[in-house]
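Residue numbers start from 1 in every chain, and the chains themselves are labelled A, B, ... in the order their sequence lines are given, proteins ahead of strands. Please read all numbers here as calculations on a predicted model, not as lab measurements.
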Amino acid sequence: MKTITQQKPLEEILESIARDTSVFIVGCGTCATLCRTGGVEEVAVMAEKLRDAGKIVTGTAVPPTGCDEVTGEMGRALRDPLAGADVVLVMSCAFGVQTAASQLKKPVAPALDTLFMGKEGPAGRYSEICMQCGQCVLSATGGICPVTVCHKGLLNGPCGGTNEGMCEVGSGRECAWTLIYGRLQAQGRLDAMRKYQAPKSYNATLRPGMIDLTHSREEAAKQ
Amino acid sequence: MSRFKEALDSDKFVVTCEIGPPKGVNLDKMRHHVELVKDHVDGINVTDNQSSVLRYPSLGGALIVKEMGGEPILQMTCRDRNRIALQADLFFAYSRGVTNVLCLTGDAVVVGDHKDAKGVFDLDSVQLLDTIHTISEGTDLAGNPLDGTPRFCKGAIVTPEARPLEPQLIKFEKKIEAGAEFIQTQAIYDLDNFRNFMDYARQFNVKILAGIVLLTSAGMAKFMNARVPGIFVPQSLIEELEGAPKGKALETGIRIAARMIRSIKEEKIADGVHVMAIGKEEVVPRILDLAGINSG
Ligand code: SF4
Ligand code: SF4
């Protein structure tokens, strides 16, 4: 699993740092490196583009994991180039951006859009298979998530837009319910699909999600 | 009991049609269409922001049908409202005499004209049917008692030409279990395929109205075959439309629709028909006339 990111258009990045003359760039050695959006190479290319656009790049860094506390340590190590920067441009997922914002004590701007938690498929393709709904229904659906993989999050079977196994939204997306049907049929468990699924709780996890894992579920419920 | 429900419960061949509200507030054309069809059909569906394109609301359209003495069938999708808004709209509909509801999932937002909108889909069509059942038992979805209980005649849709068909049929059966009293089908053009579907569907205690979408040209037929999931227009009909004299394709489409309705009625293939003359509602009375359907 990785956090899938995509670089914002350069104009949008420049617009977001329009008031700043000097920039420090932070990448990420994990997900953003694997997505080729915030590794050493991409950070270097970005530094070049910013210079071309008339910015002063005071320094760059690619911490092993952009979302970790380590960014704070890095901040101490790179105190001077950081101090000289008006803004920190973060080339990691939004976790990394928020970590940088809280630990580096500097204005930050994201260079990437965070798309989803993705599972890697063949040849650098990623797909979203879970959106952490807090009330997992996979036992009824052959281990394929209808909440995420069905564009509409339908729980009781396909809509009328399904077309030869593809979803009505197009763009090469498969119909989750054709997949679920195929899986359950192969397992001889179509009865799971025939069963009525009541409306889901969309507040199973109160948003924003927060949990204290030092207590068990039962203890937490008592409190 | 609604007039439409009475028709469903009788032995008569039930005829419904569909009107689409305008984009904006000029209701003249919609009123005109209602005026033309209201005395020829047992119910008039009012579409709900069809194809995810913003329109005057289906509930507003249904009230106008009612005011004009027609029998509205309120189309309700799960796309734009959560369970609170859906239940509230059902209360409102009932309080104003709109008591027939067609429950739909709704198209994806991205196929419509407000592509950045948030799709809701808090409920799905089966759950919406079940919700209507729940409120007509006197409680809301959260289990709270209602002050005044609404009752509806509820229906759903099925796509007999869906590929693959089996998952669609499982959902169809769930809709019936959730209380669907009538089913309006997606457009059908191949009566042999439809007969096969009906051989299966007859086992269920539900009234089935065959969807008849008026073909206005060979191009439209080809477009639907290529682009609209779950619609199959046989080559013979496409050729018939292509063979129409210049400017007469619509007339041929009218005759095809009338011929199909006549066959469905005379051969008792289904319990009725649902005529969709998208944008050409004014020809509906003529289609019905040619099909030998008596008014009312
Ligand atoms: S139902 Fe889907 S979104 Fe919810 S936890 Fe399970 S896999 Fe994730
Ligand atoms: S086509 Fe399939 S995946 Fe797409 S919205 Fe409909 S049921 Fe869901």
Side-chain angles (χ1 to χ4, degrees), chain A residues 113 131 133 135 137 140-142 144-204 207, chain B residues 51-52 77-79 82-83 86-87 104-112 115 119-131 133-134 141-142 156-179 185-187 211 226-231:
Chain A
D113 284 316
M131 44 193 187
C133 76
Q135 192 188 52
V137 301
T141 56
I144 297 165
C145 174
V147 179
T148 309
V149 182
C150 169
H151 174 78
K152 300 173 191 167
L154 306 178
L155 295 179
N156 281 292
C159 72
T162 176
N163 193 12
E164 311 276 359
M166 303 307 280
C167 174
E168 74 178 28
V169 299
S171 311
R173 279 158 176 77
E174 289 181 280
C175 171
W177 277 102
T178 306
L179 297 173
I180 293 169
Y181 174 82
R183 178 84 55 89
L184 290 174
Q185 189 196 34
Q187 295 174 346
R189 293 186 173 218
L190 279 177
D191 53 315
M193 186 169 161
R194 293 184 187 281
K195 189 165 170 282
Y196 172 67
Q197 296 291 336
K200 203 169 163 43
S201 169
Y202 287 96
N203 293 308
R207 301 284 167 178
Chain B
S51 306
S52 306
T77 74
C78 299
R79 180 191 55 233
N82 70 7
R83 66 192 81 176
L86 287 167
Q87 291 176 96
L104 303 152
T105 299
D107 289 320
V109 166
V110 291
V111 306
K115 296 189 190 302
V120 179
F121 303 109
D122 184 32
L123 302 182
D124 64 27
S125 53
V126 182
Q127 293 163 343
L128 180 56
L129 284 161
D130 189 71
T131 299
H133 173 76
T134 302
L141 263 192
I157 63 165
V158 71
T159 306
E161 297 275 7
R163 297 282 172 275
L165 183 59
E166 297 77 14
Q168 177 80 202
L169 296 184
I170 290 178
K171 189 158 191 186
F172 167 73
E173 291 178 28
K174 287 171 99 164
K175 288 174 174 178
I176 296 166
E177 274 163 38
T185 79
Q186 171 62 289
R227 303 290 291 279
V228 185
I231 292 193

Asker: If you count heavy-atom pairs under 4.5 Å with chain A, which of B/T159, B/V111, B/I170 comes out on top?
Answerer: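 Looking at each option in turn, the highest pair count goes to B/I170.
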Asker: Only one of B/E173, B/K171, B/K174 forms a side-chain contact (heavy atoms from CB on, under 4.5 Å) with A/R194, so which one is it?
Answerer: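 With A/R194 as partner, B/E173, B/K171, B/K174 yield a single side-chain contact (heavy atoms from CB on, under 4.5 Å), made by B/E173.
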Asker: Out of A/K200, A/K152, A/H151, A/K195, return the one with the most heavy atom pairs under 4.5 angstrom to chain B.
Answerer: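 Of the candidates given, the most pairs with chain B belong to A/K152.
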Asker: With rounding to the nearest 0.5 angstrom, report the SG to CG distance, A/C159 to B/L104.
Answerer: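 Output value for this atom pair is 11.0 Å.
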Asker: Examine whether an atom of B/A108 lies under 4.5 Å from a heavy atom of chain A, and if so say whether it belongs to the side chain, the backbone or both; otherwise answer neither.
Answerer: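 Both backbone and side chain of B/A108 come within 4.5 Å of chain A.
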Asker: Report yes if some heavy atom in the side chain of B/Q127 is under 4.5 Å from a heavy atom in the side chain of A/L155; otherwise report no.
Answerer: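 Yes - at least one pair of side-chain heavy atoms lies under 4.5 Å apart.
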Asker: Is chain A contacted by the side chain of B/N82, its backbone, both, or neither, given a heavy-atom distance below 4.5 Å?
Answerer: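 It is neither, since no heavy atom gets under 4.5 Å.
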Asker: Is any side-chain heavy atom of B/P229 closer than 4.5 Å to a side-chain heavy atom of A/T162?
Answerer: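 SC-SC contact between B/P229 and A/T162 ruled out.
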Asker: For the atom pair CG (A/L154) and OG1 (B/T105), what is the distance rounded to the nearest 0.5 Å?
Answerer: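 Going from CG on A/L154 over to OG1 on B/T105, the span is 5.0 Å.
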Asker: Rounded to the nearest 0.5 Å, what separates atom CZ in B/R83 from atom OH in A/Y202?
Answerer: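 OH of A/Y202 is found 7.0 Å from CZ of B/R83.
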Asker: Between B/R79, B/E166, B/K175, which has the largest tally of heavy atom pairs under 4.5 Å with chain A?
Answerer: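 Looking at each option in turn, the highest pair count goes to B/E166.
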Asker: To the nearest 0.5 angstrom, please state how far the CG atom of B/D130 sits from the OH atom of A/Y196.
Answerer: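 So the CG of B/D130 and the OH of A/Y196 are separated by 3.5 Å.
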Asker: Around atom CZ of A/R207, are there more than 12 heavy atoms from other residues, nucleotides or ligands closer than 6.0 Å?
Answerer: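 It does: A/R207 CZ has more than 12 such atoms within range.
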